[in-house]
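Below you'll find the structure, written out as structure tokens, and then a few comments.
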Amino acid sequence: MIGKEYPAEKKMTVDEKTGKVVWQLTAGESNNYHFYFTDNSFTMEKREIYFMSDRASRIPEVYNLFRMDLETGAICQLTDEKAGIMPSGHTKTPDSEFVIYVTGNKIKKLDTTTLKSTDIFEEETGIQLGHPSISPNKKVIGLARNEDPGLYRGGNYKGFKEQMYAVKRGWITLVDLDSTKAANIYEDTHWLGHFQFAPHDSSIAMFCHEGPWNLVHQRIWLLDIINRTVIPCFRQAEDDCVGHEFWTNDGKIFFDNRRKGHDGTITSDKKQAIINYPEFGQIPYIGMADRNGEVIKSIPMPYYCNHYHATNDNMLLIGDQMDDLVLISLQDDKAQLKTLCTHHTSWYMQQSHCHPTFSWDNQQILFTSDRSGKCNLYMVEQENGKWL
């Protein structure tokens, strides 16, 4: 029920490996996970987060939107969609003024003050809606839409490679938030995804050619919203395996290049889903590119993390290794790693991926783990105003 309050489930734990205080924010028999790391669950300048939970549903993994006060731990239900919100189909403004989400074949806008949802787009049959992104001026949303090949997608990346080969038409679509008018501004012959507006410029965005990293020839593309033209970001060569790109807070494009023979996946067997025997001998690196797609910095990364997120000055990363969260200092353009805490997630579904994310002020790190059997939210805080 919209507006229903849930008592705090927050409790303090001490990590068994590092002794670090880790706050478990959710508990019980429900599944809970935070927004994708490119969106950020935290509200800027407030001690609160927005997250997804199936606690209000009769059927497990039918998710709705909730808000938590991080001081008290109190939880409030914000939506009550009977069909649930698509797990990869939600985003919000940094100040949490409104949330955009996908339910069924509709995209809706939620006013987080009135808790009223309005329809802004309805999809036709045969098309899959992708992850939405809100322009910085809050006037439009953009997303990738793709033809639906009717393939099964499941845990441990089942159907991932098959989907890449099956999808032959994809569109980048903009939806006007005032008039709800929609327009396709770019069409491609690939499976498109990861659409993201630049953080401070509504005229530029990026998207990707989706699929196993070792099979995608050119992952990251930059889109000029006004001229409707695209350019490649970091022109890939044969041995490049690139992904998990995101805009840094100062408007750079961060990407992970794992080099030859890595498909960018991880399964509950702690292996890759597509490649059984990855090739070695090349050192992975992380890169940063400018809005023209030119790489301006690359740093060798001799550690295996599945996702990265950066502080506002891009000098510190949080990454998720197989069982641990690690802090990676980039001072002097050299990666130096320190274990923060364990996470012990299963990696089975996207909802159980850690996706560690810094708060807007970099003072907290939020992540998800199903180490207890259910997906739950965990948070680590700075000590004495610093991480290292």
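Please read all numbers here as calculations on a predicted model, not as lab measurements. Excluded from the calculations below are hydrogen atoms, water molecules and symmetry mates; all remaining heavy atoms, backbone and side chain alike, are included.
Looking at Asp324 and Thr342, their side chains never bring a donor and an acceptor atom within 3.5 Å of each other. Ser369 and Arg371 are not linked by any side-chain donor-acceptor pair at a separation below 3.5 angstrom, with hydrogens and angles left out of the test. No hydrogens or angles considered: a donor-acceptor pair under 3.5 Å links the side chains of Thr345 and Asp370. There is a side-chain donor-acceptor pair under 3.5 Å between Glu48 and Thr43. Between the side chains of Ser88 and His131, not a single donor N or O lies within less than 3.5 Å of an accepting N or O. Side chain to side chain, Gln351 and Asn31 fail the donor-acceptor criterion of an N or O pair below 3.5 Å.
Here the rule is side chain to side chain contact (heavy atoms under 4.5 Å, CB included) with Ile100, and of Ile141, Val175, Thr93, Asp39 only Ile141 fits it. Put simply, the residue from Leu129, Val102, Asp148 that forms a side chain to side chain contact (heavy atoms under 4.5 Å, CB included) with Glu123 is Leu129.
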Please tabulate, for the side chains in residues 225-237, all donor-acceptor contacts under 3.5 angstrom to protein atoms that are two or more places apart in sequence or on a different chain.
residue : atom : partner : partner atom : Å
Asn227  : ND2  : Asp224  : OD2          : 3.2
Gln236  : OE1  : Arg219  : N            : 2.6

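Looking only at side-chain heavy atoms (C-beta outward), Tyr33 and His355 stay at 4.5 Å or farther from each other.
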Legend entry - ring-ring contact (aromatic ring centres under 6.0 Å, His included) evaluation trace for His343 with Tyr378: CA-CA 9 Å; His343 60 74; Tyr378 298 83; 9.9 Å; no
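For His190, the side chain to side chain contact (heavy atoms under 4.5 Å, CB included) criterion is met by Asp188, Leu192, His209, not counting sequence neighbours. The side chain to side chain contact (heavy atoms under 4.5 Å, CB included) search around Ile274 returns Lys161, Pro212, Asp263, not counting sequence neighbours.
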